[in-house]
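What follows is one structure encoded as structure tokens, with my remarks underneath.
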Amino acid sequence: MPEVKITGQDSTGNQVEQIIVYSVTTPSLEQMLPVWSRDVYNNYGICQHTNFQTTVYQFQNELIDAIADTGISHFRSMYAHNLAKNTEAINRARARGVKWHATVMTINSTEDEIRTRINHLANNAADLVIRLEGINEPNETNVWADSSVTAVVQRQYWMSYYVRTNSILRPLWLTGKLTIGTPSMHDIRLDNSDGEHWLQYANKTVQAKANDPDFSGAVSGKALSDFVNAHGYQGGGAVDRNRQRRVDYARAAFGNMPIIFSETGYTNAMGPNRTAAHNPVPESISSVYDRQIVFDFFNAKLGAIRYEALDDPDPGEDNVVESNFGMLYEVDENNPAAPPATAWKEKPGVAPLRTILNWLKDSGDSYTPQPVGLKIVSKHADIRYTLVQRRDGATRMYAFRYGTIWDTKTEQPIILAPVNITLEDAQGTRTIAVGPEVKAIDIRR
Amino acid sequence: MANPNINAVLDKANYKVGETMVLTVDYSDADHWVRTDTVTVTGTDQDGNPAVVTVNTMVSSSDQVLLTLVDSSGRVWTKQSDNGSRAIYTATA
């Protein structure tokens, strides 16, 4: 305990001392429980196309390097065992420690093709693939024919069956290291059906095989899924624009099953003659939203896989909406075969995203965070935050001011000025201004 | 020559962070004295009117008490008042 020593001394040097001991106590702070930073890190992935073999996609090694160098934990792509670049992607992903969220079939896939592909995956990439997704956007029309629904559920069953009966994959599935997800519904078409497409899939049944170890008789699309693959684009709006509606649709069909948005994000197709689809935003705007996705989806207990890693070649004025979602772009889109080292550039959001992901990345399979003394004294209503901790005890709050920062009608920025959050931790009270850019605030002990 | 006397008291034994701490130090020294004298001057003007002026004077010995405070935590104690026998200091917990 501290003490104060008082000395009285006269002019001749005679002196006397008195010591008084006292104590100073820090008022007991509210104990807040962070989440493990790695859980946030693992929650975020990016789409790419290992099954595209030409133009910029001939450079699978470089593409996976770019994903790894940004610190992204996993990518979503078709696992196409019969294509040459598939092996290149397997080897590079393994070398760089990047995991794979895989689609494996289309509406035209036969049972033999699905079995062959699953077996190939088991024998060649069981250590890489963490999730399987059903057919990508099978609801390609607003009116989904019953025969189409049956075909989708039938293929879901075949995929599930050959995973669950594979000697390599079954133990992974039983322990949750490999999970099987639903097909992913086209978001606008799903909206147009008011969620009916999910109900049609979830409730449709097919007959289980006689030797199925887990199912017998009629088995539903819902029963064949461990999690929901949703698609949800913001249309140039706030990070959660249109999201809750799609979550509600999924909840109505699948209850509390985990949801992963296996496609989400923003296109930068700001060209004057762009195709009619998602409203675009400039790169400076998507840069901000991209970082918000990492935390806002995690906070909502939703997985997030950003679409996508690399712009497709779109020479000219970026008019093709689908081609401009990339994290990277090509300097000369007329020359898609140009070497990536000089031809690919990062959009402005990549560097700050890398900084965040590299902090969040932590070693080990699990960690139980410890509570920290932290009180949120006051906070502007727009501030959203995530409290994270690494195994070394370092604890951070990542915070941003939620809102819309681009007017898609006038195509002008909407300025959201920073607002305050006042925090009290073990070393005192601070007031910090937080704007739309995700801000890292170290919590002191 | 006698040692000085001091008696220091904190207003509390336990403080919360940020609270004001008040330290009162009463002090004296047997060799230190203060004497107050009154001098009266009487005069008369040219018309014979009397005038009286009274002045108080204070005389003290040179043997005053010098107080110093040292806090092990590094806190700064600020003297708020001192009347020659009681000094008041404050610091922030």
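Below, chain A is the first sequence line, B the second, and so on; all start at residue 1.
Of the candidates A/Tyr367, A/Trp36, A/Tyr41, A/Trp36 is the only one forming a side chain to side chain donor-acceptor pair (under 3.5 Å) with A/Asp362.
Here A/Thr7 is the residue among A/Val4, A/Val16, A/Thr7 with the most heavy-atom pairs under 4.5 Å with chain B. Of the listed residues B/Leu69, B/Ile6, B/Asn5, the one with more heavy-atom pairs under 4.5 angstrom with chain A than any other is B/Ile6.
At a threshold of 4.5 Å between non-hydrogen side-chain atoms, the residues B/Thr92 and B/Tyr15 do not count as touching. Side-chain contact between A/Thr404 and A/Arg241: absent, with no pair of heavy atoms (C-beta onward) separated by less than 4.5 Å. The side-chain heavy atoms of A/Asp290 and A/Arg306, taken from C-beta on, include a pair separated by under 4.5 Å.
Geometrically, A/Arg243 engages A/Phe297 in a cation-pi contact, judged by NZ or CZ lying under 6.0 Å from the ring centre and within 45° of the ring axis.
Summarising the local packing, NZ of A/Lys375 is surrounded by 12 or fewer heavy atoms from other residues, nucleotides or ligands at distances under 6.0 Å.
Heavy-atom distances place both the backbone and the side chain of B/Ala8 under 4.5 Å from chain A. Of the atoms belonging to A/Ile6, heavy atoms from both backbone and side chain fall under 4.5 Å from chain B. For a residue to count as touching a neighbouring chain, one of its non-hydrogen atoms must lie under 4.5 Å from one of that chain's; by this rule A/Gln15 touches chain B with the backbone only.
The side chain to side chain contact (heavy atoms under 4.5 Å, CB included) test applied to A/Asp392 returns A/Arg390, A/Ala394, not counting sequence neighbours.
Shown here for A/Gly303 and A/Asn43, the closest heavy-atom pair between the two residues is CA-OD1, 3.3 Å.
Contacts with chain A (heavy atom to heavy atom, under 4.5 Å) involve these residues of residues 72-81 of chain B, listed by number: B/Ser72, B/Ser73, B/Arg75, B/Trp77.
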